[in-house]
Number of protein chains: 2
Amino acid sequence: MKFERSSCPITNVLDLLGDKWTLLVIRDLVLGKRRYQEFLASPEEIASNILADRLNKLLVAGLISRRAYQRNPTRYEYLLTKKGNGLEPILEAIVVWGKKQFPGTKKFPRIKQSPGLAVHAGARRTRAGNSNRRSKA
Amino acid sequence: MKFERSSCPITNVLDLLGDKWTLLVIRDLVLGKRRYQEFLASPEEIASNILADRLNKLLVAGLISRRAYQRNPTRYEYLLTKKGNGLEPILEAIVVWGKKQFPGTKKFPRIKQSPGLAVHAGARRTRAGNSNRRSKA
DNA sequence: CACCATAACTTGCATTTTGCAAGTTACTAG
DNA sequence: CTAGTAACTTGCAAAATGCAAGTTATGGTG
């Protein structure tokens, strides 16, 4: 067994999740988000290159899986694997401590699957007029 | 309530602990380490400037406290506050998941308080011959 | 058919954070 | 007077992050 920094389980978990973004992506997945734009839409405003990087690392680590939900062009959505789902107790412990230490914070609600995200039916697009580009409002 | 990134408790915890080192310092404290050199001696080999930075941030956040254990020159040791101790369930959850995902890792044992670390008695110094400087063994 | 919009990324820097090695301070022991 | 020790600090290089914009491959609208 060769480990990056030490044989401490905490250390090895930190080598995987020890930054300001990875666990937020996991949180979003637990909440029911699946798609790139949904992750980008979270209030913390992750940069798209960071998101791509983290999704990749999580894929490689086997915490999430990817599947095409559409062909031409192929579009992917992401789901937690069983392994990734095992992180929930950690998130729960963080929420418990976090809510106590940061009064006013509140666990985010699970996502209501939006009509546009139908899993099998033909997704009808609304002719919404807002651009891809984020405004620093 | 104004939060740095969002009102999510997880996000705010990550703003405090979301890096590769802070939780390791907490781990060391939970294990019974108190002094600068003890933290430096951990197998992950934290750099001394990073350690100083993290101890400061944890002090400011109220997760640890500092007290002089010697005068002339004044030397400090660090202890978890009640608030900091509340992190144990998070560490525990991480250890549980980590041990499962990284076979071969093992929770580190609590430190046996070394004779040189007497809390009240006059600490006698052994004339040890090893330098401060770390060798890349 | 010519545009515009959308989704999932990628690319090119600028800024920030880490990491490494060495230096500083203030003593005590010999 | 010299060496050693503990707790930091400093200077600079390297890596990670953040921002804005670009790319690819469609489908819808007029």
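Reminder, nothing fancy here: chain letters follow the sequence lines and each chain counts from 1.
- When each of A:P73 and A:R5 is assigned the nucleotide of DNA chain C bearing its nearest heavy atom, the one mapping closer to the 5' terminus is A:P73.
- In terms of phosphate contacts, B:Y78 brings a side-chain nitrogen or oxygen within less than 4.0 Å of OP1 or OP2 of D:dC8.
- Taking 4.0 angstrom as the limit, A:R54 places a side-chain polar atom (N or O) nearer than this to OP1 or OP2 of D:dT17.
- When the side-chain nitrogen and oxygen atoms of B:Y36 are compared with OP1 and OP2 of D:dT9, none of them lie within a distance under 4.0 Å.
- Rounded to 10 degrees, the angle separating the terminal helix axes of the helix from C:dC1-D:dG30 to C:dG30-D:dC1, each built from five base pairs, is 10°.
- A cation-pi contact, defined as under 6.0 Å to the ring centre and within 45° of the axis, links B:R35 to B:Y69.
- The phosphate of D:dA16 (OP1 or OP2) has no side-chain N or O of A:W21 nearer than 4.0 angstrom.
- Computed from coordinates, the B:N56 CG to C:dT17 P distance equals 15 Å when rounded to whole Å.
- Among residue pairs with one or both ends in residues 20-29 of chain A, those qualifying as salt bridge (charged side-chain N to carboxylate O under 4.0 Å, His left out) are A:R27-A:E44; sequence neighbours excluded.
- For B:K83 (side chain) and B:A61 (main-chain N/O), a donor-acceptor pair under 3.5 Å exists by modelled atom type.
- Judged by atom type and distance alone, B:R75 reaches the base of D:dA6 through a side-chain donor-acceptor pair under 3.5 Å.
- Distance alone, capped at 3.5 Å, is enough to place a donor-acceptor pair between the A:Q70 side chain and the A:P73 backbone.
- Computed from coordinates, the A:Q37 CD to C:dA8 P distance equals 6 Å when rounded to whole Å.
- The 5' end of DNA chain D is approached more closely, in terms of each residue's nearest nucleotide, by B:S48 than by the other of A:G18 and B:S48.
- Aromatic ring pairs are classed by plane angle as parallel below 30°, tilted from 30° to 60° and perpendicular above 60°; the pair A:F102 and A:W97 is perpendicular.
- Remark: A:D53 engages A:K57 in a side-chain hydrogen bond (donor to acceptor under 3.5 Å, both in side chains) (not counting sequence neighbours).
- Where A:K57 and B:R66 meet DNA chain D, the nucleotide closest to each residue was compared, and B:R66 sits on the side nearer the 5' end.
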